[in-house]
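Have a look at the structure below before the remarks.
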Amino acid sequence: MVEKMMNIAVFASGNGSNAENLIKYFNTNPESRIRVALVVTNRASAGVVERASRLGVPVAHIARDRFADADHVLDQLDRYDIEAIVLAGFLLMIPDYLLHRYPDRIINIHPSLLPRHGGKGMYGANVHRAVVESGDTETGITIHLVNEVYDSGRILFQTSVPVLPIDTPADVESKIHALESLHFPRVVAETLL
Ligand code: GAR
């Protein structure tokens, strides 16, 4: 019997390196039972748009205000038979109607060891700056389920990396990106399959 493919959507607001990594991992592996069928972004000019288009994945641009329109958003997702959502640098709060439609089926990656440096406004470079300014000797990544409170859903995976006294926020960022690229697709697959 042929196994059914699971279609997922990746939500991203920025550069899109994680989105690209997820697309390559799932969509170019003939053995994969997951496919990134749609990228959703709230920013039409985000780097992720170009990356997804280059890799042949459709992009839905849904502006911040439009996210309040449940019918519109769910219609976009249903059009691609989306069964789970992965947040890869997505800035907006996930609305309740998505949490209800996808219970335990929305996964986020956060660039610190939650609960450290989480919460509203803690995004990308802000997190790396906070790590350096706090004098932390280690940081890492957290992959977790999404619930109604920022960065507080059940943790699926964490791994750490040392922060050296000479490290700048940019140094921390490249260490974090290396960890993300190594672990994120595998943890998504293990969680969803
Ligand atoms: C990633 O480091 C991700 O962990 C972070 O945004 C970056 C996006 O990079 N997410 C958050 O800070 C969520 N609060 P990318 O656009 O190159 O994938």
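Note that ligands are numbered from 1 as they come in the structure, with each ligand's atoms numbered from 1 the same way.
By the ring pair (Phe, Tyr, Trp, His ring centres under 6.0 Å) test, Y25 is found to be paired with no residue, residues two or more places apart in sequence or in another chain being considered. Residues passing the side chain to side chain donor-acceptor pair (under 3.5 Å) test with H144, sequence neighbours excluded: N108.
At least one N or O atom of E180, backbone or side chain, sits closer than 3.5 Å to an N or O atom of ligand 1. Of the N or O atoms in H128, none lie within a sub-3.5 Å distance of an N or O in ligand 1. Considering backbone and side-chain atoms together, G14 places no N or O closer than 3.5 Å to any N or O of ligand 1. When only interatomic distances are considered, the shortest N/O to N/O separation between G16 and ligand 1 falls below 3.5 Å. For the pair H110 and ligand 1, the shortest N or O to N or O distance falls below 3.5 Å. The N/O atoms of S17, backbone and side chain alike, include one that comes under 3.5 Å of an N/O atom in ligand 1.
The aromatic rings of F90 and F11 lie perpendicular to each other, with more than 60° between the two planes, well past the 30° mark.
Taking all heavy atoms of S181, S112, G89 into account, the minimum distance to atom 7 (C) of ligand 1 is reached by G89.
Figure legend: cation-pi geometry between R186 and F157, with NZ or CZ positioned under 6.0 Å from the six-membered ring centre and within 45° of its axis.
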### Query
Run the side-chain hydrogen bond (donor to acceptor under 3.5 Å, both in side chains) check on D171 and T168 step by step: do they pass?
CA-CA 5 Å; D171 295 327; T168 63; 3.1 Å; yes
